[in-house]
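Note that the numbering runs from 1 along the sequence shown for the chain.
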Amino acid sequence: MLSFLPGPVTAVLGAIIVGLNTVFFCGPLFSISLLKLIIPVKGWQKLCRRILTAIASAWISVNSFFISLLAKTRWELEGFEDLDPEGWYMVISNQQSWVDIPVLQKVFNRRVPFLKFFLK
(Lines give C-alpha, C1' and ligand atoms only; values in the text may rest on other atoms or scores of the structure.)
Protein backbone atom coordinates (compact mmCIF):
# COMPACT_ATOMS: atom_id res chain seq x y z
CA MET A 1 0.00 0.00 0.00
CA LEU A 2 2.79 2.43 0.90
CA SER A 3 5.27 0.66 -1.36
CA PHE A 4 5.41 3.78 -3.58
CA LEU A 5 7.64 5.45 -0.98
CA PRO A 6 11.38 5.55 -1.70
CA GLY A 7 13.38 2.69 -0.18
CA PRO A 8 15.18 4.70 2.51
CA VAL A 9 11.90 6.29 3.68
CA THR A 10 10.24 2.87 3.79
CA ALA A 11 13.15 1.43 5.79
CA VAL A 12 13.14 4.25 8.35
CA LEU A 13 9.34 4.20 8.66
CA GLY A 14 9.37 0.42 9.07
CA ALA A 15 12.07 0.56 11.75
CA ILE A 16 10.16 3.24 13.65
CA ILE A 17 6.88 1.33 13.50
CA VAL A 18 8.44 -1.99 14.56
CA GLY A 19 10.35 -0.19 17.33
CA LEU A 20 7.25 1.56 18.68
CA ASN A 21 5.27 -1.67 18.45
CA THR A 22 7.98 -3.48 20.40
CA VAL A 23 8.07 -0.80 23.12
CA PHE A 24 4.25 -0.92 23.36
CA PHE A 25 4.13 -4.69 23.89
CA CYS A 26 7.20 -4.91 26.17
CA GLY A 27 5.41 -3.38 29.17
CA PRO A 28 2.69 -6.03 29.40
CA LEU A 29 5.12 -8.79 28.40
CA PHE A 30 7.64 -7.92 31.12
CA SER A 31 4.91 -7.39 33.74
CA ILE A 32 3.32 -10.79 33.15
CA SER A 33 6.77 -12.42 33.02
CA LEU A 34 7.63 -10.95 36.40
CA LEU A 35 4.33 -12.13 37.89
CA LYS A 36 4.95 -15.59 36.46
CA LEU A 37 8.39 -15.64 38.04
CA ILE A 38 7.38 -14.52 41.52
CA ILE A 39 4.21 -16.65 41.87
CA PRO A 40 5.30 -20.31 41.63
CA VAL A 41 1.81 -21.84 41.32
CA LYS A 42 1.48 -24.28 38.42
CA GLY A 43 -2.01 -23.13 37.31
CA TRP A 44 -0.97 -19.46 37.53
CA GLN A 45 2.17 -20.11 35.50
CA LYS A 46 0.14 -21.92 32.83
CA LEU A 47 -2.24 -18.94 32.60
CA CYS A 48 0.72 -16.54 32.39
CA ARG A 49 2.28 -18.66 29.64
CA ARG A 50 -0.94 -18.42 27.61
CA ILE A 51 -1.13 -14.65 28.14
CA LEU A 52 2.53 -14.22 27.18
CA THR A 53 1.98 -16.23 24.00
CA ALA A 54 -1.09 -14.11 23.15
CA ILE A 55 0.90 -10.89 23.69
CA ALA A 56 3.76 -12.15 21.50
CA SER A 57 1.32 -13.29 18.79
CA ALA A 58 -0.35 -9.87 18.82
CA TRP A 59 3.09 -8.23 18.50
CA ILE A 60 3.83 -10.42 15.46
CA SER A 61 0.42 -9.64 13.93
CA VAL A 62 0.93 -5.88 14.25
CA ASN A 63 4.45 -6.12 12.82
CA SER A 64 3.19 -8.26 9.94
CA PHE A 65 0.38 -5.82 9.19
CA PHE A 66 2.69 -2.82 8.99
CA ILE A 67 5.32 -4.70 7.02
CA SER A 68 2.63 -5.66 4.50
CA LEU A 69 1.65 -1.98 4.24
CA LEU A 70 5.24 -0.95 3.52
CA ALA A 71 6.39 -3.77 1.27
CA LYS A 72 4.93 -5.04 -1.96
CA THR A 73 5.08 -8.77 -1.27
CA ARG A 74 2.89 -11.38 -2.89
CA TRP A 75 2.53 -14.46 -0.70
CA GLU A 76 1.88 -17.86 -2.26
CA LEU A 77 1.37 -20.39 0.52
CA GLU A 78 0.49 -24.04 0.05
CA GLY A 79 -0.09 -26.87 2.47
CA PHE A 80 -1.32 -24.79 5.39
CA GLU A 81 -4.80 -26.30 5.52
CA ASP A 82 -3.88 -29.15 7.88
CA LEU A 83 -1.72 -27.21 10.33
CA ASP A 84 -2.86 -27.44 13.94
CA PRO A 85 -2.11 -24.69 16.49
CA GLU A 86 -2.02 -27.44 19.13
CA GLY A 87 0.31 -29.71 17.13
CA TRP A 88 4.10 -30.07 17.15
CA TYR A 89 6.30 -28.88 14.29
CA MET A 90 9.95 -28.39 13.56
CA VAL A 91 10.53 -25.49 11.18
CA ILE A 92 13.91 -25.28 9.48
CA SER A 93 15.13 -22.20 7.63
CA ASN A 94 18.19 -21.84 5.42
CA GLN A 95 18.87 -18.39 6.93
CA GLN A 96 19.71 -16.63 3.71
CA SER A 97 19.04 -13.20 5.21
CA TRP A 98 17.92 -11.37 8.36
CA VAL A 99 14.34 -11.41 7.10
CA ASP A 100 13.86 -15.16 7.68
CA ILE A 101 12.49 -14.74 11.20
CA PRO A 102 9.86 -12.06 10.37
CA VAL A 103 8.76 -14.13 7.35
CA LEU A 104 8.43 -17.31 9.40
CA GLN A 105 6.56 -15.40 12.09
CA LYS A 106 4.13 -13.91 9.56
CA VAL A 107 3.54 -17.21 7.79
CA PHE A 108 3.12 -19.42 10.87
CA ASN A 109 1.62 -16.98 13.43
CA ARG A 110 -1.46 -18.58 15.02
CA ARG A 111 -1.25 -21.53 12.57
CA VAL A 112 1.22 -23.53 14.64
CA PRO A 113 2.32 -23.25 18.27
CA PHE A 114 4.38 -20.15 18.98
CA LEU A 115 7.75 -20.44 17.24
CA LYS A 116 10.91 -20.67 19.32
CA PHE A 117 14.19 -19.94 17.60
CA PHE A 118 17.62 -21.41 18.08
CA LEU A 119 20.18 -19.05 16.58
CA LYS A 120 23.76 -19.81 15.80
Side-chain angles (χ1 to χ4, degrees):
M1 193 169 203
L2 298 175
S3 59
F4 63 88
L5 295 171
V9 173
T10 302
V12 170
L13 189 57
I16 290 170
I17 290 170
V18 169
L20 290 173
N21 185 41
T22 300
V23 168
F24 175 79
F25 280 103
C26 277
L29 191 74
F30 292 159
S31 299
I32 299 295
S33 295
L34 182 61
L35 290 172
K36 181 179 180 252
L37 179 68
I38 63 175
I39 303 174
V41 177
K42 200 170 203 165
W44 172 256
Q45 291 187 339
K46 185 177 180 180
L47 174 65
C48 287
R49 202 170 23 255
R50 286 184 179 200
I51 293 170
L52 290 169
T53 300
I55 291 169
S57 294
W59 174 75
I60 291 169
S61 295
V62 173
N63 282 344
S64 297
F65 171 74
F66 281 111
I67 289 170
S68 68
L69 280 180
L70 296 171
K72 189 188 295 187
T73 304
R74 198 174 107 232
W75 299 90
E76 291 184 27
L77 306 173
E78 295 179 17
F80 284 82
E81 302 79 27
D82 296 328
L83 293 178
D84 178 13
E86 301 298 321
W88 287 85
Y89 302 93
M90 177 181 280
V91 179
I92 300 173
S93 171
N94 62 5
Q95 297 184 322
Q96 293 294 309
S97 74
W98 65 270
V99 81
D100 288 350
I101 290 174
V103 167
L104 291 173
Q105 287 176 329
K106 177 176 177 49
V107 168
F108 289 112
N109 191 31
R110 297 191 173 113
R111 291 183 174 150
V112 300
F114 192 75
L115 294 175
K116 292 149 184 89
F117 294 93
F118 295 95
L119 302 173
K120 55 182 178 177

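- Across every non-hydrogen atom of P113 and P85, the tightest pair is CG-O, 3.3 Å.
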For residues 101-112, run the donor-acceptor check on the side chains, cut-off 3.5 Å, and write out each pair with its distance to 0.1 Å, sequence neighbours left out.
residue	atom	partner	partner atom	Å
N109	ND2	S57	O	3.2
N109	ND2	S61	OG	3.0
R110	NH1	S61	OG	2.6
R111	NH1	V107	O	2.8

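- Crowding of F24 atom CZ: a count of heavy atoms from other residues, nucleotides or ligands under 6.0 Å not exceeding 12.
- By the criterion of side-chain heavy atoms lying less than 4.5 angstrom apart, applied directly or through intervening Ile, Leu, Val, Met, Phe, Trp or Tyr residues, V9 is grouped together with L69 in one hydrophobic cluster.
- Here the CD1 atom belonging to I92 is positioned 13.0 Å from the CG atom belonging to D100, to the nearest 0.5 angstrom.
- Applying the ring pair (Phe, Tyr, Trp, His ring centres under 6.0 Å) test to F30 and every residue at least two apart in sequence or in another chain returns nothing.
- With a 4.5 Å cut-off between side-chain heavy atoms of Ile, Leu, Val, Met, Phe, Trp and Tyr, the cluster of W88 takes in none.
- The ring pair (Phe, Tyr, Trp, His ring centres under 6.0 Å) search around F66 returns none, not counting sequence neighbours.
- Under the side-chain contact (heavy atoms from CB on, under 4.5 Å) criterion, D82 pairs with no residue, sequence neighbours left out.
- Atom CG of residue N63 and atom OG1 of residue T22 lie 5.5 Å apart, to the nearest 0.5 angstrom.
- Although no hydrogens or angles enter the test, the distance criterion places a donor-acceptor pair under 3.5 Å between the side chain of Y89 and the main chain of D84.
- Both L77 and L115 belong to a single network of hydrophobic side chains, linked directly or stepwise wherever heavy atoms of I, L, V, M, F, W or Y lie under 4.5 Å apart.
- When hydrophobic clusters are built by joining Ile, Leu, Val, Met, Phe, Trp and Tyr residues whose side-chain heavy atoms come closer than 4.5 Å, directly or via intermediates, F25 is grouped together with L29.
- Linking Ile, Leu, Val, Met, Phe, Trp and Tyr whenever their side-chain heavy atoms come within less than 4.5 Å puts F65 and W59 in one cluster.
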Can you give each donor-acceptor pair under 3.5 Å made by side-chain atoms of residues 37-51, sequence neighbours left out, with the distance rounded to 0.1 Å?
residue	atom	partner	partner atom	Å
W44	NE1	L35	O	3.2
Q45	NE2	K36	O	3.1

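- The hydrophobic cluster containing I67 does not contain L20, counting ILVMFWY residues as joined when their side-chain heavy atoms lie under 4.5 angstrom apart, directly or transitively.
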